[in-house]
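Shown next, in structure tokens, is the structure this report addresses.
Predicted model, so just to flag it, every value in this text is computed and none were measured. In this chain, residues are counted from 1 in sequence order.
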Amino acid sequence: MTRPPLQAVLFDMDGTLVDTERLWWEAVHQVASHLGRPLTDADRPEVLGRPVEYTAAWLGRITAEPAARLADRLHQEFTDRVRTGIEPRPGAIALLDALAREGVPTALVTASPRTVTDDVLTVLGADRFRVCVTADDTARTKPAPDPYLAACRALDVDPARCVAVEDTPTGVSSAEAAGCTVLAVPSLAPIDPAPGRTVVRSLEEVTPERLRSLVRQPRLRVMSWNLWYGGTKVDDHRAKQLKVILDTEADVVALQETAGTSAAELADALGWHHHQAGENLGIVSRHPITARLGDPDVGFYGAAGARIRVDATHEVDVWTAHLHYTPYGPYEAAFDGLGPTELIAHEAVRLEQMREALRRIAESADAATPVVLTGDFNCPSHLDRPDVAWPVTRAAEEAGLRDSYREAHPDPDRAPGHTWSPVHTWNEDDRARREPQDRIDYVLHNGLGLEVVDSRTVVTGTPRDWPDVAGNDWPSDHAAVLTTFALRI
């Protein structure tokens, strides 16, 4: 069953739906002034969006009054104002009713206690909310994520598919920490726009359709990277590898030439999950790995996979493959003058390795499983060199896998996407020969729930040519391939 992109809208109460943030500020100002310490603008972070207990403790520290007594006074001052002066914010009731007509669940998520919330609900209408979470309902309240997470659990929705509507920086922090998209409608304190956060002046500007537009499809950035003997040809290689992963903001890195320990060491340093398969293949992921796929004792060449749980809705099978490096078709074409028939015939070992990888992928995935196959195939693509029907990439295509880089860059003349090699411009065995430059590293996918947003090759710095590579910022002899997928709902 397909779930809607916008699963729920979670509303803060004070200052967002009703004009109580002003009343709360007035209540605190009244109590503080009686203690000889009137409020200033600098005090807003300690007051706005905060529960009574927090502000009472803060005010107690600067006035030497007992916090419990202050909490009682603040609660009474605020309650008196709520009962006589509360009004819905402009556009609030119209938006709630519009969401109800369209069947979008709503929740009230407030740092106010239940007694105050019940008074406000007499104005808003308690029946407008399926769930109500107050300061009394969680161990921690805003800015901790607990209230929003509690509301999502009660509604059985994914926070990433919800929009939280807030009016204070404290509330925004709570909602964002829970993983919600935020629509901010500032009341007394300014709020700046940010990734995943939209700021409007009034709820009168907001419609259900606009809220839907804020919930983006989740994205997954997958990088294929041959580490080149684990990176050991370059000084300080592990730190440089970590920098590349962090700078690219990759979510999953599928590795070849791990030298046995790279996947575990990178994952430990990042605080990520990992799967090490044999001595050569590995996968590191910021998202949990729920299954390890393929032969865990795979040899130096072959393929291994991991099932990645991106969120509560999406799992993706990501595979890494390393195919045999010899005979190498670009050398045979450039140096030996072999024609298409011989070149194709010499792909037999790699073709069998690809077929074995495709067989294992098919065994692990069902008909609806999104699959990504990455790797160093050590062969060109038939999409780049149409004069030769390179059989390895054709076999993957015939199995239903698409080349993400060529989807993003259809013209190989304009975007060759070479991955071999940023450190070999001259042939290692014959320095008089130019090294053939080719695209031999790939990120393929089966298109099930996956949409290519972007794909590019990655090389950092300006690597020096072999053998003077120890000081390179780029710790590999291959360029990496990084593809960003949108995961369809």
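- The closest side-chain heavy-atom distance from Leu255 to Leu266 is below 4.5 Å.
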*Test log, rule side chain to side chain contact (heavy atoms under 4.5 Å, CB included), inputs Ile289 and Ile308*: CA-CA 5 Å; Ile289 292 175; Ile308 310 295; 3.7 Å; yes
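- A donor-acceptor distance shorter than 3.5 angstrom exists from the side chain of Arg350 to the backbone of Pro327, with no hydrogens or angles considered.
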*Decide side chain to side chain contact (heavy atoms under 4.5 Å, CB included) for Leu270 and Leu242; before the verdict, give the C-alpha distance in whole Å, the side-chain angles of both, and the deciding distance to 0.1 Å.*
CA-CA 8 Å; Leu270 293 163; Leu242 290 167; 3.7 Å; yes
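- Checking Val199, Thr16, Leu214, Val172 one by one against Leu183, the side-chain contact (heavy atoms from CB on, under 4.5 Å) holds for a single residue, Leu214.
- Distance alone, capped at 3.5 Å, places no donor-acceptor pair between the Asp477 side chain and the Val423 backbone.
- With sequence neighbours excluded, no residue satisfies salt bridge (charged side-chain N to carboxylate O under 4.0 Å, His left out) with Asp387.
- Side-chain polar atoms of His478 and Gln256 form no donor-acceptor pair below 3.5 angstrom.
- When atom types are taken as modelled, the side chain of Asn472 and the backbone of Pro463 share no donor-acceptor pair closer than 3.5 angstrom.
- For the atom pair Asp251 CG and Thr484 OG1, the distance stands at 8.0 Å (nearest 0.5 Å).
- Partners of Asp295 according to the salt bridge (charged side-chain N to carboxylate O under 4.0 Å, His left out) rule, which considers only residues two or more places apart in sequence or in another chain, do not exist here.
- Here the side chain of Arg89 pairs a donor or acceptor atom with the backbone of Gly15 at under 3.5 angstrom.
- How far CG of Leu48 is from OG1 of Thr170: 7.5 Å, rounded to the nearest 0.5 Å.
- Side-chain contact between Leu450 and Leu487 is present, with at least one heavy-atom pair separated by less than 4.5 Å.
- The side-chain tip of Arg434 points at the ring of Trp426 from less than 6.0 angstrom away and within 45° of straight on.
- Interatomic distance, CG of Leu203 versus CG of Leu17, reported as 6.5 Å (0.5 Å rounding).
- Remark: the backbone N or O of Ile440 is not paired with any side-chain donor or acceptor of Ser381 at under 3.5 angstrom.
- Residues satisfying the ring-ring contact (aromatic ring centres under 6.0 Å, His included) test with His273, not counting sequence neighbours, are none.
- For Ala254 against Thr374, the heavy-atom pair with the smallest separation is CB-OG1, 2.9 Å.
- The aromatic rings of Trp228 and His424 lie perpendicular to each other, with more than 60° between the two planes, well past the 30° mark.
- Using a 4.5 Å heavy-atom threshold, the side chains of Arg394 and Glu347 count as separate.
- Residues satisfying the ring-ring contact (aromatic ring centres under 6.0 Å, His included) criterion with Trp272, sequence neighbours excluded, are absent altogether.
- Every residue two or more places apart in sequence or in another chain was checked for a salt bridge (charged side-chain N to carboxylate O under 4.0 Å, His left out) with Glu257, and none qualifies.
- For Arg128, the CZ atom counts as densely surrounded, since its 6.0 Å shell holds more than 12 non-hydrogen atoms of other residues, nucleotides or ligands.
- The pair Glu356-Arg359 counts as a salt bridge, with a side-chain nitrogen and a carboxylate oxygen less than 4.0 angstrom apart.
- Applying the side chain to side chain donor-acceptor pair (under 3.5 Å) test to every pair with at least one member in residues 449-460, sequence neighbours left out, gives these pairs: Ser455-Thr483.
- Using a 4.5 Å cut-off on side-chain heavy atoms (C-beta onward), Leu95 and Pro208 make contact.
- Using a 4.5 Å heavy-atom threshold, the side chains of Arg210 and Val200 count as touching.
- Under the rule for a side-chain hydrogen bond (donor to acceptor under 3.5 Å, both in side chains), Thr207 has no partner lying at least two apart in sequence or in another chain.
- At distances below 3.5 Å, not a single donor-acceptor pair connects side-chain atoms of Arg360 with backbone N or O atoms of Gly305.
- Inspection of the Glu315 and Thr290 side chains reveals an N or O donor paired with an N or O acceptor under 3.5 Å.
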_What verdict does the side chain to side chain contact (heavy atoms under 4.5 Å, CB included) test give for Ser187 and Asp14, after you've listed the backbone C-alpha separation in whole Å, the side-chain angles of each residue and the deciding distance to 0.1 Å?_
CA-CA 9 Å; Ser187 55; Asp14 299 305; over 6 Å; no
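- Contacts of Ser285 classified as side-chain hydrogen bond (donor to acceptor under 3.5 Å, both in side chains), with partners at least two apart in sequence or in another chain: none.
- In this structure, Lys240 NZ and Ser476 OG are separated by 12.5 Å, a value rounded to the nearest 0.5 Å.
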*Would Glu102 and Arg212 satisfy salt bridge (charged side-chain N to carboxylate O under 4.0 Å, His left out), going step by step from the backbone distance to the final call?*
CA-CA 12 Å; Glu102 299 192 18; Arg212 288 190 185 92; 2.7 Å; yes
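- Closest non-hydrogen pair, Thr425 versus Gln437, comes out as CA-NE2, 4.2 Å.
- The aromatic ring centroids of Trp474 and Trp225 lie less than 6.0 Å from each other.
- Residues Asp311 and Arg161 are paired through a salt bridge, judged by an N-O separation under 4.0 Å between the basic side chain and the carboxylate.
- Among residue pairs with one or both ends in residues 363-400, those qualifying as ring-ring contact (aromatic ring centres under 6.0 Å, His included) are Phe377-Tyr442; sequence neighbours excluded.
- Between the Gln276 side chain and the Leu281 main chain, a donor and an acceptor come within less than 3.5 Å of each other.
- Asp430 has a carboxylate O that lies under 4.0 Å from a charged side-chain N of Arg433, or vice versa, which qualifies the two as a salt bridge.
- Looking only at distances, no side-chain donor or acceptor of Lys142 sits under 3.5 Å from a matching main-chain atom of Ala175.
- Glu398 is linked by a side-chain hydrogen bond (donor to acceptor under 3.5 Å, both in side chains) to nothing, counting only residues two or more places apart in sequence or in another chain.
- Counting only distance, with no hydrogens or angles, the side chain of Glu352 and the backbone of Met354 share no donor-acceptor pair below 3.5 Å.
- By the ring-ring contact (aromatic ring centres under 6.0 Å, His included) test, Phe300 is found to be paired with His322, residues two or more places apart in sequence or in another chain being considered.
- A donor atom on one side chain and an acceptor atom on the other are found under 3.5 Å apart for Asp441 and Thr419.
- Separation of atoms CG (Asp403) and CG (Asp384) is listed at 7.0 Å; rounding is to 0.5 Å.
- Between the Gln353 side chain and the His324 main chain, a donor and an acceptor come within less than 3.5 Å of each other.
- Within the 4.5 Å cutoff, the side chain of Tyr301 has no heavy atoms near those of the Val349 side chain.
- A distance of 4.0 Å separates CD in Glu176 from CZ in Arg197, rounded to the nearest 0.5 Å.
- Using a cutoff of 4.0 Å between basic side-chain nitrogens and carboxylate oxygens, Asp247 and Lys243 are scored as salt-bridged.
- Residues passing the ring-ring contact (aromatic ring centres under 6.0 Å, His included) test with Phe335 are Tyr331, sequence neighbours excluded.
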